[in-house]
Amino acid sequence: MSSMYRQLIVDRYKAPLFKGKLDNADIHFHDANPLCGDEIEVFVRLDDEGKIKEAKFDGTGCAISQASVDLLLEGIEGMTPDEVMGLDADFIKEMLNIPLTPVRLKCALLGLKVLQAGILIHKKKQEAGES
Amino acid sequence: MSSMYRQLIVDRYKAPLFKGKLDNADIHFHDANPLCGDEIEVFVRLDDEGKIKEAKFDGTGCAISQASVDLLLEGIEGMTPDEVMGLDADFIKEMLNIPLTPVRLKCALLGLKVLQAGILIHKKKQEAGES
Amino acid sequence: MISITEILKDFPIFETKIHGKRLVYLDNAATTQKPRQVIEAISQYYETRNANVHRGVHYLSEIASEDYEEAHNKVAKFLNAKGMEEIIFTRNTTESLNLLAYSLGLNELEKGDNIVLTRFEHHSNLVPWQQMARRQGAEIRFIEMTEDCRLDLASAEKAIDDKTKVVSITHMSNALGTIIPVKEVSKLAREHGAYMIVDGAQSAPHMPVDVRELDVDFFAFSGHKMLAPMGIGGLYGREDILEKMEPFLFGGDMISIVSFDNATWNRLPWKFEAGTPNVSGGIGLAVAIDYLGKIGFDKIHYIEHELTEYAHERLNELSFIKIYGPEPKYKGAVVSFAMDGIHPHDIASLLDEDGIAVRAGHHCAQPLMKMLGTDSTTRASMYFYNTKEDIDALVESLQKIYKLFS
Amino acid sequence: MISITEILKDFPIFETKIHGKRLVYLDNAATTQKPRQVIEAISQYYETRNANVHRGVHYLSEIASEDYEEAHNKVAKFLNAKGMEEIIFTRNTTESLNLLAYSLGLNELEKGDNIVLTRFEHHSNLVPWQQMARRQGAEIRFIEMTEDCRLDLASAEKAIDDKTKVVSITHMSNALGTIIPVKEVSKLAREHGAYMIVDGAQSAPHMPVDVRELDVDFFAFSGHKMLAPMGIGGLYGREDILEKMEPFLFGGDMISIVSFDNATWNRLPWKFEAGTPNVSGGIGLAVAIDYLGKIGFDKIHYIEHELTEYAHERLNELSFIKIYGPEPKYKGAVVSFAMDGIHPHDIASLLDEDGIAVRAGHHCAQPLMKMLGTDSTTRASMYFYNTKEDIDALVESLQKIYKLFS
Ligand SMILES: Cc1ncc(COP(=O)(O)O)c(C=O)c1O
Ligand SMILES: Cc1ncc(COP(=O)(O)O)c(C=O)c1O
């Protein structure tokens, strides 16, 4: 069988490209998986057209969860928040391209879950502001 | 396999020799097995030497319990109460001479149990009277 | 369509000789026999992929977890629940009902409330409620039985009122076979805002159950009465109720976060399953449900009803037999009877000498027996693998027994 | 003396290939594998003599009842209890401990009483007591852990006092392997008249247990951690206490006389076993105990201690590994460790790719993990069928993993 830990995953875990924090992020959320202790915080800035201009994450946890969110933030540049809301487990699986067991899939999905929760909150705030 | 219901058992169930009641019995006790509803009441009269002169039982229940107590009362004529206290499951098994499963052995032993309980009470009363 | 010969070949136990005789197994209301598919599924599990479930990241644990979840999904489909979050695995019906008695009883039952049962209840759906009623100061009420041993619906209307917190009734009496019109009772429970609980120990194995169509909140059953291994049973609970309900057993796997002082609960259904579960039991149950699906409840009902009618017909020919309970059309495949002047234990022992397995006793329904004016009956209970030859063997042996005693 | 090759032949699962590799099973603290003797006993039971127990007078039911009773006797001997009246069968340790928490908690625990546990407790011996303490207004106290992860007996003397109703402690920590000096704690419990309960989930499989010599009132264990099937476990209870104690689960088979209003209880141990039990599980447990007896605890201890020392030795050679818990002489065959910069889940997944099964996580001991300053560890736990080759495989794979990440 092919490994869950292809070089890209390990590299992105050891040296993530999108790790960091953003001040004045439009979208910001922080969540944890209490059972394994994985934690992820995401920050997203939108451009004038409402597309994703810059994204960062902070967090601790297993290589799968951390590399997955790092690759995710790379992939969403230029997307609209609504487009991100449309992403699902299949997107993550394709993006990672590794054989994930159900338990480990949960690790892989944590970043997307946190990001989408942040977007929902952002939208609610916008609606509240508009009305 | 040989039957649990040899003719003697069925005969003694249908036409017990020792069924009845005794007035002024020296030994008297009544008990039931709540789980199957078997009930037995025993009456025993002792002679001047303290030996068993006459015994009767009343009761309802399965053929094994009723035939067993009937045969038991036949067997103890002339015994002392202490001798009856010495009787055990093996005595009953030998007396019945049928293949008893553990559940049915309980039926077979009910009569002896009731009789021995009656003797214990009788002895306690005697001791109380003597002292 | 599977023939009865094919079905019988699936049950290895029928090769066992009892006192040198063919086994005639008529004790199915107590427990059913297991098809080789179920037995092999257990062996195969232990031989090739045994592991503890939940959060294990190694291969064996991953597949054991998937299989165990899949078994919940299968039961959910079987009962037409929304999904596995509504299915809690327990040891048996008794544990399922105790779970409810404790969780609802300790946390929601108040002084002055009442709990409504029927006169048909198995001890497992009576004694837990008696205990909780006593502890909380609640009252137990009974829906009465009609002269012909059916449920007296009129009395249900009197029993259930606005102080009723729980209505818990059997779906089918194990002692008499009577089938209870659950949906009608459920309607009354709904009107008064009571929890509606069904003891499905005797219905799940024999008839299609649709918890949504029955409109009930809880449904308890035992695997061992429906071809599955012992030690596995279940409880369906409506998701929104389970979400709010307090857990019953506490410990590993049912928690989310634990500190030395406090704990929060896992998501459904795991919130209600504490400790290492019976994984092989769950897998066996899933295979049993597949097997039942292959036969089909239409066929199961057809076979059982034919057998019940035939048994009534043949037993009614015997002047010395009295059948307890309603006519075949109102009941499942259970025939409870008495025989003039012969004790049920003797009947059962003598039937056993002919290889025929029936149950004699109070069938865990002592108060019902008393209402019927007896301590015990002899009970023959059928399943789809029984045949008219089994009934013939029973009748023939009963005739011999009667002769022996007359 | 049985050789390890012979032993391994008894465990069919070791023929399973994991990702094409030999299975190296080091997750024995979660659950153990089953010898073919146990697997065959289950199949044989269902194929030839399956029946419900208790009061059935037919042949199958009689032998099932005898086998089931005999299993209780076997456990009684195994723990040196007086007899089967002191042995209650449950699903697992978790249920055994909940039985005690409910029965003692609801009926005997009063406001102001305290319950004494250790810092090592599995959630199953912590959360039930938390819940009961809250319900009854009692306090939970902890016997502390020393710097080197052993029990701080001095703190036990402070924790246990005359308001202590229950002392409930693990016999061996599943997370760290630490063996707890039960007898010393029991002495303190006795001095203050508290019930003394032992969670033996990790001790019963690995060391001889003598409940009378330990002088404890209750001892809980799980079959699945000692070669037996899932879904069967037990609780030893001292006869005089069980006699007076209120039952926990109510229903069929645990009663003596039931009316619509009231019920009285069956004799021990049946008073505590409600509903149809897991007969095949009980039979499997009896065979497992026979198997353990054939190997012998002397040999089991010898093998496991050698393996633990060897594992410590090999892992200590790796600079990037940190072992949690005490030295081998103070613990059972459990090695919990961390690896610099690599998450336990990644370690376990990568070990799995080499066919090595370990557990990663909090081991149902979240508060203990927190005390150790972590969320989770990787845990290798051994049984008598493991070998030094298994440890070598673990070490080799860990080295590969470290290289991959550096
Ligand atoms: C020390 C300890 N206590 C209790 C338990 C719970 O056992 P079970 O899950 O079999 O109920 C375990 C098993 O993980 C354990 O190791
Ligand atoms: C109607 C009914 N309810 C409950 C039970 C209890 O089932 P179990 O013994 O599997 O818990 C039975 C089984 O005898 C039953 O027939």
Side-chain angles (χ1 to χ4, degrees), chain C residues 12-13 16 18 27 30-31 33-34 39 42-43 46-48 50-52 55-60 91-95 98 122-124 127-128 130-131 142 222 224 229-231 249-252 255 258-260 263 274-276 278-281 345 348-349 352 357 359-361 364 366-367, chain D residues 12-13 16 18 27 30-31 33-34 39 42-43 46-48 50-52 55-60 91-95 98 122-124 127-128 130-131 142 222 224 229-231 249-252 255 258-260 263 274-276 278-281 345 348-349 352 357 359-361 364 366-367:
Chain C
I13 201 159
T16 297
I18 307 296
D27 194 18
T31 201
Q33 297 304 335
K34 320 301 174 202
I39 304 171
I42 304 170
S43 300
Y46 284 124
E47 281 169 10
T48 65
N50 167 62
N52 209 325
R55 293 195 292 283
V57 298
H58 62 78
Y59 176 77
L60 293 176
R91 179 172 38 246
N92 51 27
T93 303
T94 303
E95 189 190 354
N98 274 273
H122 188 280
H123 294 160
S124 292
V127 187
Q130 282 178 349
Q131 293 298 311
F142 294 93
S222 294
H224 70 93
M230 287 173 154
L249 299 179
F250 302 94
I255 55 84
V258 177
S259 69
F260 283 119
T276 303
N278 185 352
V279 179
S280 68
H345 272 176
S349 281
D352 179 58
R359 198 136 286 233
C364 294
Q366 284 181 13
Chain D
I13 201 157
T16 297
I18 307 297
D27 194 18
T31 201
Q33 297 303 337
K34 320 302 174 200
I39 304 171
I42 304 171
S43 301
Y46 284 125
E47 281 169 10
T48 64
N50 167 63
N52 209 324
R55 294 195 292 282
V57 299
H58 61 79
Y59 176 77
L60 293 176
R91 179 172 37 247
N92 50 27
T93 303
T94 303
E95 189 190 353
N98 274 274
H122 187 280
H123 294 160
S124 292
V127 186
Q130 281 179 349
Q131 293 298 311
F142 293 93
S222 294
H224 70 93
M230 286 174 154
L249 299 178
F250 303 94
I255 56 84
V258 177
S259 69
F260 283 118
T276 303
N278 185 351
V279 179
S280 67
H345 273 176
S349 282
D352 179 57
R359 197 135 288 232
C364 293
Q366 284 181 13

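In what follows, chains carry the letters A, B, and so on, assigned in the order in which the sequence lines appear, proteins first and then strands, with residues in each chain numbered from 1.
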> Quick one: of C/Ala51, C/Ala357, C/Ala348, who has the most non-hydrogen atom pairs under 4.5 Å with chain D?
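With the most close heavy-atom pairs to chain D, the winner is C/Ala357.
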
> So which of D/Leu249, D/Asp27, D/Ile18 has the largest heavy-atom pair count under 4.5 angstrom toward chain C?
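Answer, by heavy-atom pair count under 4.5 Å with chain C: D/Leu249.
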
> Which atoms of C/Gln131 are under 4.5 Å from chain D, going by heavy atoms: the side chain, the backbone, both sets, or neither?
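Side chain of C/Gln131 only, per the 4.5 Å heavy-atom cut-off to chain D.
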
> Most heavy-atom pairs under 4.5 angstrom with chain D, which of C/Ala360, C/Ser222, C/Pro229?
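Counting heavy-atom pairs under 4.5 Å, the top option is C/Pro229.
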
> What's the shortest heavy-atom distance between D/Asn52 and C/Met230, and which atoms?
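Closest approach of D/Asn52 to C/Met230: CA-CE, 4.2 Å.
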
> Counting only heavy atoms closer than 4.5 Å, note whether D/Gln130 contacts chain C via side chain, backbone, both or neither.
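For D/Gln130, the side chain is the part near chain C, not the backbone.
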
> Which heavy-atom pair separates D/Gly252 from C/Cys364 by the least distance, and what is that distance?
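It is CA-SG, 4.0 Å.
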
> Could you look at D/Ile42 and say if it's the side chain, the backbone, both or neither that has a heavy atom under 4.5 Å from chain C?
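Answer is side chain: those atoms of D/Ile42 sit under 4.5 Å from chain C.
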
> Select one option (side chain, backbone, both, neither) describing which atoms of C/Ser259 are under 4.5 Å from chain D's heavy atoms.
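Interface part for C/Ser259: backbone (N, CA, C, O).
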
> Hey, does the side chain of C/Gln366 reach the backbone of D/Val258 with a donor-acceptor pair shorter than 3.5 angstrom?
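Yes: the side chain of C/Gln366 pairs with the backbone of D/Val258.
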
> Could you give the distance from CD (C/Glu95) to CD (D/Glu95), rounded to the nearest 0.5 Å?
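Spacing of CD (C/Glu95) from CD (D/Glu95) equals 5.5 Å.
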
> Less than 4.5 Å to any heavy atom of chain D: does that hold for the side chain of C/Thr16, its backbone, both, or neither?
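The side chain, not the backbone.
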
> What pair of heavy atoms forms the shortest contact from C/Thr94 to D/Ala274, and how long is it?
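Answer, listing the atom of C/Thr94 first, then D/Ala274: CG2-CB, 3.6 Å.
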
> Identify the heavy atoms of D/Phe250 and C/Asn98 that sit nearest to each other, and give their distance.
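Nearest heavy atoms, D/Phe250 then C/Asn98: O-ND2, 2.8 Å.
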
> Hey, mind stepping through D/Ile13 and C/Leu60 against side chain to side chain contact (heavy atoms under 4.5 Å, CB included) and telling me if it holds?
CA-CA 10 Å; D/Ile13 201 157; C/Leu60 293 176; 4.1 Å; yes

> So which heavy atom on C/Tyr59 is nearest to which on D/Asp352, and how close?
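Closest heavy-atom pair between C/Tyr59 and D/Asp352: N-OD1, 2.8 Å.
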
> Please look at C/Asn50 and chain D and tell me whether the side chain, the backbone, both or neither of the residue comes under 4.5 angstrom of a heavy atom of that chain.
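Interface part for C/Asn50: both.
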
> Hey, mind stepping through D/Lys34 and C/Glu47 against side chain to side chain contact (heavy atoms under 4.5 Å, CB included) and telling me if it holds?
CA-CA 8 Å; D/Lys34 320 302 174 200; C/Glu47 281 169 10; over 6 Å; no

> Using a cut-off of under 4.5 Å on heavy-atom pairs, state which of C/Ser124, C/Ala30, C/Pro367 scores highest against chain D.
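Ranked by heavy-atom pairs under 4.5 Å with chain D, first place is C/Pro367.
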
